Each structure stands twice: as C-alpha cells, then as structure tokens.
Amino acid sequence: MKIYGDILSILYHETKKEKIVLTHVQLKTNVPYDRLKKYIDELKELGLIQDDPSLELTEKGQQYLREYQTVLEFMERMGLMYKKGVSHTPLLSK
Amino acid sequence: MDNLILILAEVVSAILCFILVRYMIKPYQYTGESRYVGLPLGFVFLGLSYLFMVFTLFSGTLIFIEDMKWLQLLTQAFAFAFLAVTYYFSKQPTKRKRLRWQITFTGLIVALVISYLIVFVPPPFVLPSYKTVDEYFRLVNIIFASYISLNALRSHAMKSENKTLWFPLGYVLLVFGQYSLLVWSLDSSFTAFIGAHVLRLTGLLVFLLVSLQTFVTPHDATKERERR
C-alpha cells in the first residue's frame, strides 16, 4: 500500500516533466527494477495507472494519490514521523 | 442527576473515540505499516474503557461491578500503551525496528490477555485493593500520555506550523485529565473530578476537529498550499 502511494506520487511528478523513465522511478523508490515492474503491473490491474499512450495516472489513480497525501498530512498533524525528516509531497489539485 | 451527567460524559467520550477510530485507521490502511495499527487500537480501547465506566455507573448494585472497574482500568492503560508504542515506533522503519515493534506488540497483546484473565479468573494470590491500583494506573497513564505529548510537540517544534499544534494540545489535555483524576482519587476533590471530564472531552473534541478538518475539507488545504 505504502509503496503504491510512493510510486504514484513519483509517477505523477515525472509525468509533469517529460517521458517517464522507469529507472528514474526505480532510483527514487529504491526498489529493485523487477519488483518495480511488478508493482507497475499491479497498479495497472487496479486501474490506477495506464500506459496508453504513455504511462500516466488515471482519474482513479489521482483520486487515490489525493487520499494518500491527505493521510500523510493527517499523520504530520498528529506528530507522527512517517519518514524521518521528509514531509509529504505537495498535494495534488482537484 | 450527577450520575446522569457523568454517564453522559462517558458515553460522549466513547462515541468520540469510536468516531476517531475511523480516521485513526487510515495511516495503517494507506501505508500498510503495521506499526500504525496501535492508533486505531488505542482509540478503540479508550472508547471501550469509557463504556466500561458507563456499565460500572449503571450496575451499581450488581455483582460484576468490581470486574467492570478493573476492566475499565486495564483497558484505559492498554489504550495509552498502544498509542505510546505507536509514537515510539513511528520513526524511521529499519529491519531491526520492525522486529522490535513485532516483539513489543506481541508482548502487549500477551500482557493484555493475561491481565483480562486475572480479572475474570481469580488468581491464587490476593489482588491489591482497587483504589491503590487505580492510583498507580493513573500514574502509568500520565507517563504514557506525556510521552505521546512530548513526541507530538517535538514534531510540531520541527515544523512550527499552526496546523501541527492542535494534536499535541489534545494529548496535553488528556494528560491533565488523567492528572485531575489522580488528584480526585487522592483527595476526592469535586473540582478535580469535573475538570478531568471537561479536559478529556475537550481533548477528544480537538482530535475530532483536526480529523474533520483534514479529511472533510482537504481540498481547501490543497488550494492554500498551492497558493503558497
């Protein structure tokens, strides 16, 4: 679950830049390449991302990411440190 | 009449806790990290402890009143223990920490089962008086709640944003609520007793307001963040 949120967050920011390079995503998530491919397939099956015409978040994926980031903000408000010294990524706009 | 107000305060506290569980389970649901399971468990136990208190107040003459009093005491202590352990393990998850979390969590569950068994199956040794144990448990609750407050306040100090102040404040109110109960237990002060309930209810309301503000109006926060 956590990794889904992290991958979606990275994918969202990567799509803003240019064409998504999976090795960039792999470096940011710190997950082995084969496992990342497996997660990407799972995210596709869940309908959270699509790769037609290019890899990007679906509406459902953006909704999930919004909820995930709200939860991270809630944890921040509670004083729970999810990742040491790392705040949640900027929230998506609706 | 006094009893009715007390019952009402306990029922409202229990309802607030059970509503909060809905939000407290989200960190575990969305991150899949078992170390956050202590949050919903903590609030479930806190809510149950207030319900046990309601039963105690209702069943004044029944035989199981003593059991209920002990259950209330134990359940509340475990609620604060679950919350404190969650805050303790909320930092950077390493392999070693994950193992320590699993051992601690298992230990807590075992302790919980044994404690409940002691209440229902009388042990061969004589239990100390409820009043004495009650005071020690309040002290333990204060220690756990203070630990949580300090952790949350430290996080707030690192961010220094207004929005991260309210949750630590809620925990501080719970600490003072427990302290007031301890004072009431020692000198039967009516002010301390009422104060304890007011502080607790205010603390829980603060938690609920922050949760609603985060989850019900998240998009306003989004817009504000984007404007900045």
Side-chain angles (χ1 to χ4, degrees), chain A residues 1-13 15-16 28-32 35-36 38-43 45-49 57 59-94, chain B residues 20 23-33 35-36 38-39 83 86-94 148-159 161-171 207 209-228:
Chain A
M1 294 297 262
K2 169 205 144 195
I3 200 74
Y4 285 174
D6 287 348
I7 293 172
L8 286 175
S9 184
I10 292 163
L11 284 176
Y12 176 76
H13 287 100
T15 28
K16 273 181 162 179
K28 285 183 181 172
T29 50
N30 205 16
V31 167
R35 211 186 298 166
L36 177 68
K38 200 183 127 214
Y39 289 140
I40 295 277
D41 288 339
E42 284 171 6
L43 288 170
E45 276 175 36
L46 289 166
L48 298 175
I49 55 170
L57 270 70
E59 188 52 47
K60 192 179 168 189
Q62 289 187 25
Q63 175 64 29
Y64 180 89
L65 185 55
R66 246 180 253 126
E67 284 166 17
Y68 176 71
Q69 289 172 338
T70 307
V71 171
L72 292 191
E73 185 182 341
F74 181 59
M75 289 166 75
E76 196 179 328
R77 284 183 177 208
M78 287 183 77
L80 288 168
M81 266 185 277
Y82 178 46
K83 287 177 184 172
K84 200 176 178 182
V86 178
S87 178
H88 61 82
T89 48
L91 287 166
L92 285 164
S93 54
K94 201 179 179 184
Chain B
L20 281 167
Y23 301 111
M24 296 298 163
I25 204 163
K26 284 181 185 280
Y28 170 65
Q29 274 180 333
Y30 277 82
T31 64
E33 295 276 355
R35 62 205 159 108
Y36 295 127
L39 284 177
L83 291 173
T86 303
Y87 272 83
Y88 180 78
F89 286 101
S90 76
K91 291 151 212 158
Q92 193 87 335
T94 57
I148 301 164
S149 308
L150 287 175
N151 257 278
L153 277 170
R154 197 177 55 185
S155 293
H156 165 69
M158 283 161 73
K159 305 240 187 283
E161 287 180 54
N162 283 343
K163 63 175 188 178
T164 56
L165 176 68
W166 294 101
F167 242 93
L169 181 77
Y171 284 126
F207 292 153
L209 287 175
V210 176
S211 306
L212 290 175
Q213 199 191 12
T214 314
F215 289 104
V216 178
T217 54
H219 302 306
D220 293 341
T222 305
K223 283 170 197 160
E224 189 192 319
R225 185 176 279 270
E226 280 177 347
R227 236 181 285 135
R228 268 190 272 149

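Predicted model only: the values in this text are computed from it and were never measured. So that the names make sense, note that chain A is the first sequence line, chain B the second, and so on, each numbered from 1.
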Problem - Residues in side chain to side chain contact (heavy atoms under 4.5 Å, CB included) contact with B:Leu209, at least two apart in sequence or another chain - result: none
Exercise for the section: Would you mind telling me which of B:Leu153, B:Thr86, B:Thr164 has the largest number of heavy-atom pairs within less than 4.5 Å of chain A? Expected result: B:Thr164
Practice task
Could you look at B:Tyr171 and say if it's the side chain, the backbone, both or neither that has a heavy atom under 4.5 Å from chain A?
Solution key: side chain
Completion exercise
Residues B:Phe167 and A:Phe74: closest non-hydrogen pair is CE1-CE1, 3.9 Å
Fill in the blank from the handout: Of B:Gly170, B:Pro27, B:Pro168, the largest count of non-hydrogen pairs under 4.5 angstrom with chain A goes to B:Pro27
Handout entry: From CG (A:Leu80) to CZ (B:Phe89), nearest 0.5 Å
Key = 13.5 Å
Fill in the blank from the handout: So CG of B:Asn162 and CZ of A:Arg77: to nearest 0.5 Å the spacing works out to 10.5 Å
Exercise for the section: Just jot down the side-chain hydrogen bond (donor to acceptor under 3.5 Å, both in side chains) partners of B:Arg154, sequence neighbours excluded, or say none. Expected result: B:Asn151
Fill in the blank from the handout: Heavy atoms of A:Gly79 and B:Ser155 approach each other most closely as O-OG, 2.9 Å
Practice task
Check each atom of B:Leu165 against the heavy atoms of chain A and say whether the ones under 4.5 Å are side chain, backbone, both or neither.
Solution key: neither
Completion exercise
Rounding to 0.5 Å, atoms CD (A:Glu76) and CD (B:Glu161) come to a distance of 6.0 Å
Exercise for the section: Please state whether the rings of A:Tyr68 and B:Tyr30 are parallel, tilted or perpendicular, taking 30° and 60° as the class boundaries. Expected result: tilted
Exercise for the section: Rounded to the nearest 0.5 Å, what's the gap from NZ on B:Lys26 to CD on A:Glu67? Could you check? Expected result: 6.5 Å
Problem - Sub-4.5 Å side-chain heavy-atom contact between A:Met78 and B:Met24 - result: yes
